[in-house]
Amino acid sequence: MSWEHLKHPPYSPDLSPSDFYLFRSLEHWLRGKKFRTIEEMRQSLTEFFDSKDREWYRRGIHQLEEQWKKVIESGGEYFDY
């Protein structure tokens with residue numbers, strides 16, 4: 001079995017699992033929140049991660065495959081989600 005090497009930019013948010021799925025969701029969670037202390041921020045982040053079940057992470061991994069296909073099909077050009 002051999003692997004096909006796909007050329008891609010050194011960094012692309014369309015290809016990064018954390019940017020594509022995790023950080024987008026985290027951004028929505030944090031939108032409009034203001035923290036007075038580090039502890040408040042930590043508590044909010046703990047609530048965010050505790051609210052995500054195993055299926056949420058699994059779904060993100062499967063969506064990443066589709067995202068990669070879109071990047072390949074667009075020839076690496078920008079596209080809307």
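Remember, it's a predicted structure, so these values are computed and weren't measured experimentally. Hydrogens, waters and symmetry mates are skipped; everything else that's a heavy atom, side chains included, is used.
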Checking Ser51 against Trp56: is there a side-chain donor and acceptor pair closer than 3.5 Å?
no
Any chance you could measure Arg58, atom CZ, to Asp53, atom CG, to the nearest 0.5 Å?
9.0 Å
Under the side-chain hydrogen bond (donor to acceptor under 3.5 Å, both in side chains) test, residues paired with Glu40 that sit two or more places apart
Arg36
Carboxylate-amine/guanidinium contact Glu66 Lys69, below 4.0 Å:
yes
Does a side-chain heavy-atom distance below 4.5 Å link Phe35 with Leu30?
yes
For Lys33, does the NZ atom sit with more than 12 other heavy atoms under 6.0 Å from it, leaving out its own atoms?
yes
ILVMFWY network linking Phe48 to Ile38, side-chain heavy atoms under 4.5 angstrom:
yes
Output for pair (Glu39 CD, Thr46 OG1), nearest 0.5 Å, gives 8.0 Å
Between the CD atom in Glu55 and the NE2 atom in His62, the distance rounded to the nearest 0.5 Å is 7.5 Å
Any donor-acceptor pair under 3.5 Å from Ser25 side chain to Tyr21 backbone:
no
If we only count heavy atoms from C-beta on, is the Trp29 to Glu47 side-chain gap below 4.5 Å?
yes
Ion pair check, Glu27 and Arg31, cut-off under 4.0 Å:
yes
